[in-house]
Amino acid sequence: MKFKADEIASVIQQEIEQFRSQIDVREVGRVLEVGDGIARVYGLSGVMSGEMVEFPGGVNGLAFNLEENSVGVIILGDFLGINEGDEVRSTGRLLSVPVGEAVLGRVIDPLGNPLDGKSPIQTTERRDVETIAVGIAGRQPVNEPLQTGIKAIDAMTPIGRGQRELIIGDRKTGKTAICVDTILNQKGTGVKCFYVAIGQKESNVARLVEMLRKNGAMDYTTVIVAGASDPAPLQYVAPYAGCAMAEHFMFHGGHALIIYDDLSKQATAYRQLSLLMRRPPGREAYPGDVFYCHSRLLERAAKLSDKLGGGSLTALPIVETLEGEVSAYIPTNVISITDGQIYLQPDLFFAGQRPAMNVGISVSRVGGKAQVPSMKKVAGGLRLDLAAFRELEAFAQLGTDLDPATQARLDRGYRMTELLKQGLGKPMHVTDQVMVIYAGTRGWVDRVPVEQVREWEPKFLEFIHDRKHDLWQRLTDSGRMDDDTAANLDAAIGEFNAIFLEEKKPRETVMA
């Protein structure tokens with residue numbers, strides 16, 4: 001067998017060209033102990049806080065506790081395959097997740113791995129999970145509405161783009177339902193939606209994803225899941241991962257909405273990790289920095305200045321209370337960080353008031369700045385009127401005789417309460433909301449029997465869309481309720497009421 005010298009020379013030449021005199025220098029440590037989602041590692045003396053480390057089998061961890069003789073690492077994945085004595089390598093990188101258009105329409109875990117049975121996410125762009133929030137100079141006031149499609153919220157506790165509005169209440173009071181309706185209402189607005197499920201039952205998440213898919217909302221939505229069966233480190237990291245994905249759109253001049261469902265479960269996961277790491281416990285056994293855990297997350301929601309592109313990230317954190325205890329540790333922490341809260345009361349929920357919003361405690365600190373002018377005008381005093389009605393209703397239950405004026409206020413309150421009821425998955429256009437609330441607050445529904453109010457509303461809107469569409473279009477285009485529009489709307493409601501009340505009038509039976 002003869003060797004060809006020119007072939008050998010070309011191969012050697014190629015190898016020389018590809019040679020890089022680079023040595024892979026990485027710190028290597030050993031696992032001292034492992035269990036419950038954490039590991040103690042010896043030998044990584046140069047590792048930084050928050051740096052990623054690599055275990056055998058490709059499992060990643062995050063340096064959480066830097067102690068004198070060891071490093072406490074939280075394991076992001078299956079910790080059962082890691083054993084004492086295993087080798088651990090530092091990576092010199094921070095934890096990052098894939099971002100961009102590729103994540104939309106997907107169900108993924110907090111590390112960006114697919115959970116929907118589809119192919120891995122194909123994107124070259126990544127973003128660090130932990131980033132510092134934009135400073136004061138990089139923000140501008142919140143003044144652009146983010147419509148939820150829910151009458152009670154858009155009228156009384158409006159949400160603006162860049163705002164952080166807490167949704168708080170006991171379990172099974174409709175917190176997630178509000179968020180789902182808000183996502184559905186962003187269809188066609190260009191707002192990208194991110195739903196972070198922390199510690200939720202996977203059957204509930206599957207149901208939610210199916211509902212979003214059925215309504216065509218998955219096209220602009222990403223669902224990040226750290227379920228109830230996932231280890232505590234993933235539940236702790238999930239909100240930051242979702243926030244990083246949403247921030248990508250904000251910093252590219254777009255608008256994003258992120259829902260954290262819910263932060264009380266994330267706080268529980270953080271408490272678990274901290275106690276396992278022997279960090280000193282504080283109130284309710286939470287670590288002392290649990291406030292910082294939530295504040296550094298929620299401060300990342302902002303309306304950016306025009307210099308930075310004018311994008312926005314709106315956050316709707318959810319916190320679950322026990323027996324309506326709003327003054328507990330985590331609820332008070334998150335209330336103090338956010339720009340308002342929507343408090344859902346179990347009594348109202350079981351009485352059939354959906355959404356079960358307590359208007360006395362619920363507030364939006366952005367207020368009318370986040371409303372279209374027409375809504376601001378018609379719903380100006382609605383919150384105070386309803387809060388007064390609730391007090392009056394409690395007084396009326398004592399069975400005392402009421403004067404006609406008080407009875408009239410009660411009757412209108414009952415009708416407004418019926419008008420503000422809304423079913424799941426039925427977000428309403430803001431102009432429809434304005435017209436319905438205008439009719440209620442101006443007394444046009446006073447003659448309609450309370451039990452017929454829910455029937456009156458869809459028929460009235462159908463009448464407006466069919467016969468008075470030009471009036472609806474004018475109000476939508478201008479966004480203002482001027483005297484001329486109000487007069488035309490009054491005439492339209494009067495015309496419809498005449499038809500509706502005539503239809504509902506009991507027919508006189510003719511005696512044979």
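In what follows, residues are counted from 1 in the order of the sequence shown.
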Scan side-chain atoms only and decide if [X] and [Y] contain a donor-acceptor pair under the 3.5 Å cut-off.
{"X": "Asp230", "Y": "Gln235", "answer": "no"}
{"X": "Ser327", "Y": "Thr332", "answer": "no"}
{"X": "Gln163", "Y": "Ser364", "answer": "yes"}
{"X": "Asp170", "Y": "Thr321", "answer": "yes"}
{"X": "His429", "Y": "Asn185", "answer": "no"}
{"X": "Arg300", "Y": "Thr131", "answer": "yes"}

With salt bridge (charged side-chain N to carboxylate O under 4.0 Å, His left out) as the criterion, how do Asp477 and Arg474 come out once you've worked through the C-alpha distance, each side chain's angles and the decisive distance to 0.1 Å? CA-CA 5 Å; Asp477 294 342; Arg474 197 187 334 153; over 6 Å; no
A side-chain contact here means heavy atoms from C-beta on lying under 4.5 Å apart; do [X] and [Y] qualify?
{"X": "Tyr414", "Y": "Phe389", "answer": "yes"}
{"X": "Phe249", "Y": "His255", "answer": "no"}
{"X": "Thr406", "Y": "Asp403", "answer": "yes"}
{"X": "Asn113", "Y": "Ile108", "answer": "no"}
{"X": "Gln353", "Y": "Gln345", "answer": "no"}
{"X": "Ile224", "Y": "Phe194", "answer": "yes"}
{"X": "Gln341", "Y": "Arg365", "answer": "yes"}
{"X": "Gln266", "Y": "His294", "answer": "yes"}

Checking the side chain of [X] only, and the main-chain atoms of [Y] only, is there a donor and an acceptor separated by less than 3.5 Å?
{"X": "Gln371", "Y": "Asp154", "answer": "yes"}
{"X": "Lys192", "Y": "Met250", "answer": "no"}
{"X": "Thr314", "Y": "Gly162", "answer": "yes"}
{"X": "Arg409", "Y": "Asp385", "answer": "no"}
{"X": "Lys421", "Y": "Pro355", "answer": "no"}
{"X": "Asp109", "Y": "Gly112", "answer": "yes"}
{"X": "Gln433", "Y": "Met428", "answer": "yes"}
{"X": "Asp339", "Y": "Arg164", "answer": "yes"}

Crowding at [atom1], [X] (>12 non-hydrogen neighbours, <6.0 Å):
{"X": "Glu323", "atom1": "CD", "result": "no"}
{"X": "Arg213", "atom1": "CZ", "result": "yes"}
{"X": "Arg480", "atom1": "CZ", "result": "no"}

Could you check whether [X] pairs with [Y] (Lys NZ or Arg NE/NH1/NH2 to Asp/Glu carboxylate O, under 4.0 Å)?
{"X": "Glu418", "Y": "Arg415", "answer": "no"}
{"X": "Glu393", "Y": "Arg390", "answer": "yes"}
{"X": "Arg106", "Y": "Asp116", "answer": "yes"}
{"X": "Glu495", "Y": "Lys468", "answer": "yes"}
{"X": "Arg412", "Y": "Asp446", "answer": "yes"}
{"X": "Arg139", "Y": "Glu299", "answer": "yes"}

Looking at every non-hydrogen atom in both residues, tell me the closest pair between [X] and [Y] and how far apart they are.
{"X": "Val97", "Y": "Ala244", "value": "CG2-CB, 3.9 Å"}
{"X": "Lys303", "Y": "Arg161", "value": "CD-O, 3.6 Å"}
{"X": "Val103", "Y": "Thr222", "value": "O-OG1, 2.9 Å"}
{"X": "Phe349", "Y": "Thr173", "value": "CD1-O, 3.4 Å"}
{"X": "Leu308", "Y": "Gly138", "value": "CD1-O, 3.6 Å"}
{"X": "Ile318", "Y": "Asp262", "value": "O-CB, 3.1 Å"}

Salt bridge (charged side-chain N to carboxylate O under 4.0 Å, His left out) evaluation trace for Arg296 with Glu130: CA-CA 9 Å; Arg296 77 176 189 265; Glu130 293 269 11; 2.9 Å; yes
Evaluate the side-chain contact (heavy atoms from CB on, under 4.5 Å) criterion for residues Ile437 and Leu419: first the C-alpha distance (whole Å), next the side-chain angles of each, then the deciding distance (0.1 Å), finally the verdict. CA-CA 8 Å; Ile437 291 167; Leu419 278 182; over 6 Å; no
Pair Val453, Thr417 - check side-chain contact (heavy atoms from CB on, under 4.5 Å), show working. CA-CA 10 Å; Val453 170; Thr417 304; over 6 Å; no
Point-to-point distance, once rounded to the nearest 0.5 Å, from [atom1] of [X] to [atom2] of [Y]:
{"X": "Tyr329", "Y": "Arg271", "atom1": "OH", "atom2": "CZ", "value": "11.0 Å"}
{"X": "Tyr260", "Y": "Cys243", "atom1": "OH", "atom2": "SG", "value": "3.5 Å"}
{"X": "Ile159", "Y": "Thr182", "atom1": "CD1", "atom2": "OG1", "value": "6.0 Å"}
{"X": "Trp472", "Y": "Leu489", "atom1": "CH2", "atom2": "CG", "value": "13.5 Å"}
{"X": "Leu257", "Y": "Leu313", "atom1": "CG", "atom2": "CG", "value": "8.0 Å"}
{"X": "Ile361", "Y": "Ile168", "atom1": "CD1", "atom2": "CD1", "value": "9.0 Å"}

Exactly one of [options] should register a side-chain contact (heavy atoms from CB on, under 4.5 Å) with [X]. Which one does?
{"X": "Asn488", "options": "Asp482, Asp483, Leu471", "answer": "Leu471"}
{"X": "Ile178", "options": "Leu424, Ile167, Leu316", "answer": "Ile167"}
{"X": "Pro239", "options": "Asp261, Leu298, Ile198", "answer": "Ile198"}

Anything under 30° is parallel, anything over 60° is perpendicular, the rest tilted; go ahead and classify Trp456 against Phe460. parallel
Using side-chain contact (heavy atoms from CB on, under 4.5 Å), reason through Asp219 and Leu104 one step at a time and then give a plain yes or no. CA-CA 7 Å; Asp219 299 342; Leu104 294 176; over 6 Å; no
Could you walk me through whether Glu210 and Arg207 satisfy the salt bridge (charged side-chain N to carboxylate O under 4.0 Å, His left out) test, starting with their C-alpha distance in whole Å, then the side-chain angles of each, then the deciding distance to 0.1 Å, before giving a yes or no? CA-CA 5 Å; Glu210 187 52 41; Arg207 204 175 299 127; over 6 Å; no
Aromatic ring proximity Tyr270/Tyr286, centre distance under 6.0 Å: no
